[in-house]
Amino acid sequence: MTRQLDRFWTVFAREVRGLVRTRVVFVLGAVVAALAFGVARAGGGPSGGYVTTVVDLLVVVELLVPAAAFAIGYRALADATARGEPAVLETYPLSPWTYVAGVYAGRAVALLAVVVVPLLALGAHVATTAGPETTVLATHRGVDSVALYVRFVALTALLGLVTLAVALALSAVANSRRRAILLGLFGLLLVVAGTDVTVLTALGGGLLDESALGTVLALTPSGAYRGLVFEHVLSVAFEGRSGFVPTGIALVASLCWWASGLSLAALWAGFR
Amino acid sequence: MTDDVALTATDLRRSYGDVTALDGVSIDVPTDSVTALIGPNGSGKTTLLEVLLGIERPDAGTVDYAESDAGRRVGYLPQRPTFRPDDTVRETIAFYAALVEDDPDRLLERVGLDTVPDRRVSALSGGMTRLLGIAQALAGDPPILALDEPASGLDPAVSDRIFGVVDSLAADGRAVLLTSHALSLVERTADHVVVVEAGGVAARGSPAALCERTGGPLHETFVDLLSEPTAAVGGGGES
């Protein structure tokens with residue numbers, strides 16, 4: 001167990017070093033920061049407080065974070081396969097689970113740096129520009145607070161980590177850079193729009209009852225994210241309205257996407 | 001050279017759809033020696049090597065390894081070893097060494113790359129990349145080394161150096177199993193030669209014994225064997 005943990009850190013360190021060296025993290029971080037600040041300032045959210053900033057950011061973040069996750073993860077395992085690395089690693093006492101976990105953790109750290117640091121910087125900007133009604137803790141509905149913004153950042157990080165696991169699974173299936181790009185684009189469309197469109201199509205076709213819409217949307221990564229943000233961040237702005245999404249189902253569904261992505265990646269890596 | 005056997009494969013069979021890659025191959029790989037698998041392209045050498053390594057699973061047959069307490073059972077050099085281009089030589093080998101708690105500097109020194117530890121992999125020549133691949137294969141001090149075409153695409157001087165390293169690895173007490181088309185180097189370096197043809201063993205023996213068939217170099221014997229209409233002998237038959 002201890003040796004597998006040591007090997008996990010070995011794989012993790014190599015991933016982090018490789019990402020820092022290619023500078024992709026810095027470029028993506030700059031893009032996320034520029035877009036987050038640009039959209040928030042254009043919408044005037046920061047002067048209104050944390051909740052109005054989240055309202056400005058939500059749609060953009062819902063697209064941007066999965067895009068960043070796929071940009072960081074789409075080649076994670078495909079490049080190694082193209083280099084013939086799995087055949088060599090099979091001769092080492094390194095389990096596919098340890099290998100995939102190390103690759104994922106290294107990329108996850110990079111993704112969190114790309115997503116969380118700009119959002120926290122924007123939060124600091126809000127703290128210095130928002131009006132006096134913004135507080136630290138929201139004690140009742142309608143009160144803005146930094147705690148709500150921290151929840152938003154945490155939920156956004158969750159969306160990124162779930163999407164990265166899906167990206168890793170598709171990267172494991174790809175065995176060339178070209179196929180990795182195609183599968184990455186497919187996966188991005190699936191996470192950003194595909195699952196929601198499927199649910200809404202089912203609703204339009206009468207296959208789904210309208211009363212179950214919130215629950216079914218909570219099963220998709222972006223639907224769960226959007227619902228949780230509405231439920232736990234933006235709900236202060238909706239007097240007397242809640243139950244946008246069942247929190248438990250949304251969290252379990254996100255966990256299932258995450259675990260399925262990593263399991264598929266590890267099983268595929270082991271299969272070859 | 002001793003009579004100890006590092007690996008015994010019995011009646012290996014492997015097919016890909018209608019194509020038979022291995023048709024009942026049996027082989028012993030002795031320690032302290034170099035065993036060369038030679039044969040034309042597509043004869044099944046690489047498949048045999050990968051089955052012996054455990055990378056490919058045979059449809060039938062068994063592979064048994066001698067007991068060993070080494071960090072890993074087999075070291076493997078693929079035909080075209082490729083590493084992360086932005087990593088340095090030392091970073092590359094340190095990664096593999098860490099997986100089996102080995103000393104990266106010892107491994108680089110063993111193949112003569114200790115003079116260029118900070119060079120990027122992308123700046124290495126083909127020969128140096130191959131040596132880095134051999135250093136990787138040595139990590140964990142495995143008793144068996146499987147080298148797939150260790151000198152292909154390299155100039156004669158570099159090929160000579162690679163085979164020199166291979167020879168010294170066997171002298172250290174390892175079982176070295178390689179595939180190669182460089183028959184003059186095989187003739188000079190290998191202790192045992194197995195001629196693979198159409199998924200079977202067409203002939204086997206020491207280079208000297210095989211050369212006696214035609215009285216010429218190994219190359220002549222090789223061409224002579226393959227021109228025989230029933231060259232391949234399934235079931236690991238000898239000739």
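In the text below, chain A, chain B and the rest are named by the order of the sequence lines, each starting its count at 1.
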Below 4.5 Å from any heavy atom of chain A, which atoms of [X] appear? Answer side chain, backbone, both or neither.
X: B:Q79; answer: neither
X: B:Q136; answer: both
X: B:Y96; answer: both

Quick one: closest heavy-atom pair of [X] and [Y], and the distance?
X: B:I55; Y: A:A87; answer: CD1-O, 3.5 Å
X: A:P93; Y: B:R72; answer: CD-CB, 4.4 Å
X: A:T91; Y: B:L53; answer: CG2-CD2, 4.3 Å

Is it the case that more than 12 heavy atoms not belonging to [X] sit under 6.0 Å from its [atom1] atom?
X: B:R80; atom1: CZ; answer: no
X: B:R120; atom1: CZ; answer: yes
X: A:R179; atom1: CZ; answer: no

* To do: Drop me the distance from A:R3's CZ to B:L99's CG, to the nearest 0.5 angstrom.
  => 12.5 Å
* Structure fact -> Among B:F95, B:F83, B:Y76, the residue with the most heavy-atom pairs under 4.5 Å to chain A is B:F95
* Asked: Is there a salt bridge (charged side-chain N to carboxylate O under 4.0 Å, His left out) between B:D87 and A:R21 once you walk through the steps?
  -> CA-CA 9 Å; B:D87 283 359; A:R21 194 164 277 161; 3.2 Å; yes
* Region of A:T98 that comes under 4.5 Å of a non-hydrogen atom in chain B -> neither
* Asked: Is A:R83 close to B:R84 at the side-chain level, that is, under 4.5 Å between some pair of heavy atoms?
  -> yes
* Which of A:V11, A:L94, A:V88 touches chain B most, by non-hydrogen pairs under 4.5 Å -> A:V88
